[in-house]
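Step one of this worksheet: look at the structure below.
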Amino acid sequence: MDKNLKVKDKLSLVVFPTNKKNSKTEGKAIFLIQNKDLSNFMLSISRLGISKYDIDGSVDYFGIKWNNEKKQFFFSPDLEF
């Protein structure tokens, strides 16, 4: 972890997937977001995604999806910081 970053910039979103077919990958940490300011985000487990609350009161939702071809998670729509 970079100690030069401000405290608000040190938040990450990590997934620990389970894989019953391949126990070698089970529990391996996958960082979806790393060292970003997530102070205006809220994780939604029931919808499997995150909501971003903007200063103007608007809310944007980003679903967490799985790309089976690339074997990786992604946000839909794309999430940019």
Under 3.5 Å, side-chain donor or acceptor atoms of residues 55-68 against the rest of the protein: list the pairs with distances, not counting sequence neighbours.
{"unit_1": "Asp56", "atom_1": "OD1", "unit_2": "Ser58", "atom_2": "N", "d": "2.9"}
{"unit_1": "Asp56", "atom_1": "OD1", "unit_2": "Ser58", "atom_2": "OG", "d": "2.7"}
{"unit_1": "Ser58", "atom_1": "OG", "unit_2": "Asp54", "atom_2": "OD2", "d": "3.2"}
{"unit_1": "Tyr61", "atom_1": "OH", "unit_2": "Arg47", "atom_2": "O", "d": "2.6"}
{"unit_1": "Tyr61", "atom_1": "OH", "unit_2": "Leu48", "atom_2": "O", "d": "3.4"}
{"unit_1": "Tyr61", "atom_1": "OH", "unit_2": "Gly49", "atom_2": "N", "d": "3.4"}
{"unit_1": "Trp66", "atom_1": "NE1", "unit_2": "Asn68", "atom_2": "OD1", "d": "3.3"}
{"unit_1": "Asn67", "atom_1": "OD1", "unit_2": "Glu69", "atom_2": "N", "d": "2.9"}
{"unit_1": "Asn67", "atom_1": "OD1", "unit_2": "Lys70", "atom_2": "N", "d": "2.9"}
{"unit_1": "Asn68", "atom_1": "OD1", "unit_2": "Lys71", "atom_2": "NZ", "d": "3.2"}

Would a single hydrophobic cluster contain both Leu79 and Val15, if residues Ile, Leu, Val, Met, Phe, Trp and Tyr are joined by side-chain heavy-atom contacts under 4.5 Å? yes
With clusters defined by side-chain heavy atoms of hydrophobic residues (ILVMFWY) lying less than 4.5 Å apart, directly or transitively, does Leu11 cluster with Ile45? yes
Let me check something: do Leu43 and Ile30 share a hydrophobic cluster, defined by ILVMFWY side-chain heavy atoms less than 4.5 Å apart, either directly or through other members? yes
Please report the shortest heavy-atom distance between Phe75 and Leu13, naming the atom on each side. CZ-CD2, 4.1 Å
Out of curiosity, does Phe74 fall in the hydrophobic cluster containing Phe41 (side-chain heavy atoms, cut-off under 4.5 Å, transitive links)? no
Flag side-chain contact, heavy atom, 4.5 Å: Ser44 against Ile50: no
Validation row: Ile33, Leu38 side chains within 4.5 angstrom (heavy atoms): yes
Measuring only between side-chain heavy atoms, which start at C-beta, is Lys52 closer than 4.5 Å to Asn40? yes
Any Lys28 side-chain heavy atom under 4.5 Å of Phe16 side chain: no
